[in-house]
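Note sheet for the following structure.
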There are 2 protein chains.
Amino acid sequence: MVTIHQNIFRDIETRIVGGDWQPGHRIPTEQELAAAYRCSRMTVSKALSALVERGMIVRRRKTGSFVASPQIDRTVMDIQDISTEAELAGHKHDYKILSRRIERLELAEAKQLAEPAGAEILRLQCLHVVDGTPNAIERRIIMLDIVPLARDEHFSLTPPGKWLLAQVPWSKARHVIRAVSADATTARLLQTARGEACLNLIRQTWQNGRTVTYVEITHPGDRFQFAGDFQPVAR
Amino acid sequence: MVTIHQNIFRDIETRIVGGDWQPGHRIPTEQELAAAYRCSRMTVSKALSALVERGMIVRRRKTGSFVASPQIDRTVMDIQDISTEAELAGHKHDYKILSRRIERLELAEAKQLAEPAGAEILRLQCLHVVDGTPNAIERRIIMLDIVPLARDEHFSLTPPGKWLLAQVPWSKARHVIRAVSADATTARLLQTARGEACLNLIRQTWQNGRTVTYVEITHPGDRFQFAGDFQPVAR
DNA sequence: TAGTGGTCTAGACCACGGG
DNA sequence: CCGTGGTCTAGACCACTAT
């Protein structure tokens, strides 16, 4: 059984994910959608509420509903970039691939990742920019034997994290969050001061016990925070 | 503005969290609830849907809605209180209450917490030591109208976080994680350098929409990290 | 078959916020 | 002001399932 509000949800989701409606794009009003789907406003509202919950749109009285800005890896733990949550609409996210090399895994890193040394990897470095300000440095390793398609992917249209999510189902992820001081390179890239407190997120993702990707994302501490709502584990 | 469905949600949540309604308990039918709250069935349905999403109840046609069993796998980010965390890893944990005052909530803070100004609070400052090295500064506010027992508690045996966990069932927590540079006071207490990158964890905990406690925990970045394992959330 | 949740309607009024 | 979302109603029909 496919309900009307599920249809509306899916249709809008498709346009957003497909890039048809860019961040900041104003989506039709509830009334227009109700007319288009020949249903009541409340049914539309249900679909839009679900989209809000997924962080895909924001709704504002009087002005309408807008496609939200891409979120910096909301992907896994419901931990998202909340610093901008209140003003999701209209933020411009961009990224730039700084480097992209195919290598073999060195011993030290292999140990850290608990993967065999010598395995072929794709090593990426990427800068994320939000509203013209550097927001994160992404340093990533993709295991090419698990994700062979990455060998020919240059991530010119889709950032690596998003691309991977679409390509590879993952079954487990591990996160580590630390605070570090910016070294010279990091400070330069993030346009911040050397020694500035930065938030360091490391994520390793597995599929059936094999590492899919390992990524280290460095945010300037003053421009970023993680936030998340949680419920008790047990009652 | 408190809506009807929020009221229904909170009332049912209260009984479940408080243990009044045990897992398996059948909650009133939508019709009964609609009558009790003098609202339409759809409004009740909205509240129940939210409870389902939170995993607190299950709904079955013909038979009704039931309190769900405690969930094991709902783990999002298992950030526990400091002493438990430290002891799990086999370290020796100690703490010292630096200050303890009963105050009234000032306007700025009240706004931040979304609680009424002037409310009575217990303000605590606490230093955590792991294996002889300062590991965290804890700055905490406890709402005394929600946790009246805290008024006479001096936390000489049990640290505030652990004590609160045992005293007050909570239904929602919000975490914010940031990186900050140590100011002079923080650096002195943590025996680290001024300007050192520190990991800042803010947690606000609610019971039925009322704040139980608000705590800010500052860790030296080089001596601490958060970690968590996650699995995809299927919907 | 009967009781329950699942979905939907065609209105209504209110709250908010830009002009 | 007026357009938009936010909430709500008092019904309705359907789907599921225990009995």
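A note on names: the letters A, B, ... follow the listed sequences, proteins ahead of strands, and every chain is numbered from 1.
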Next item on the list: Verify side chain to side chain donor-acceptor pair (under 3.5 Å) between A:Arg59 and A:Ser49, making sure each step is shown before the conclusion.
Entry: CA-CA 9 Å; A:Arg59 302 165 86 181; A:Ser49 297; 3.2 Å; yes
Check: How do A:Arg38 and A:Thr63 order along DNA chain C: which one's closest nucleotide is nearer the 5' end?
Finding: A:Arg38
Next item on the list: May I ask you to decide if B:Thr211's main-chain N or O and B:Glu115's side chain share a donor-acceptor pair within less than 3.5 Å?
Entry: yes
Next item on the list: Decide yes or no on side chain to side chain donor-acceptor pair (under 3.5 Å) for A:Tyr95 and A:Glu138, but give the supporting numbers first.
Entry: CA-CA 10 Å; A:Tyr95 69 97; A:Glu138 170 179 342; over 6 Å; no
Check: Using the C1' atoms of the five pairs at each end, what is the angle between the end axes of the helix from C:dT1-D:dA18 to C:dG18-D:dC1, to 10°?
Finding: 10°
Next item on the list: Select from A:Thr3 and B:Ser65 the residue whose nearest nucleotide in DNA chain C is closer to the 5' end of that strand.
Entry: B:Ser65
Notebook entry, point to check: Near B:Gln31 CD, under 6.0 Å, is it more than 12 heavy atoms from other residues, nucleotides or ligands?
Noted result: no
Next item on the list: Apply side chain to side chain contact (heavy atoms under 4.5 Å, CB included) to A:Ala50 and list each qualifying residue two or more places apart in sequence or on a separate chain.
Entry: A:Phe9
Notebook entry, point to check: Contact class for A:Ile4 (heavy atom, under 4.0 Å): base, sugar-phosphate, or nothing?
Noted result: sugar-phosphate
Margin query: If I take atom CD1 from residue B:Ile16 and atom NE2 from residue B:His25, how far apart are they, to the nearest 0.5 angstrom?
Written below: 8.5 Å
Notebook entry, point to check: Using a heavy-atom cut-off of 4.0 Å to chain A, what are the terminal contacting nucleotides of DNA chain D, in 5' to 3' order?
Noted result: D:dG3 to D:dT9
Check: What do you reckon, is CD of B:Glu106 surrounded by more than 12 foreign heavy atoms closer than 6.0 Å?
Finding: no
Item checked: Whole angstrom value for the distance that separates C1' of C:dG5 from CD of B:Glu32 -> 13 Å
Note to self: For B:Tyr214, run the side chain to side chain donor-acceptor pair (under 3.5 Å) check against B:Arg140, B:Arg139, B:Gln112 and tell me which one passes.
What the structure shows: B:Gln112
Margin query: Under 4.0 Å from OP1 or OP2 of C:dC14: is there any side-chain N or O of A:Arg61 that close?
Written below: no
Note to self: Categorize A:Arg41 for me: base, sugar-phosphate, or nothing, with a 4.0 angstrom heavy-atom threshold over every strand shown.
What the structure shows: base
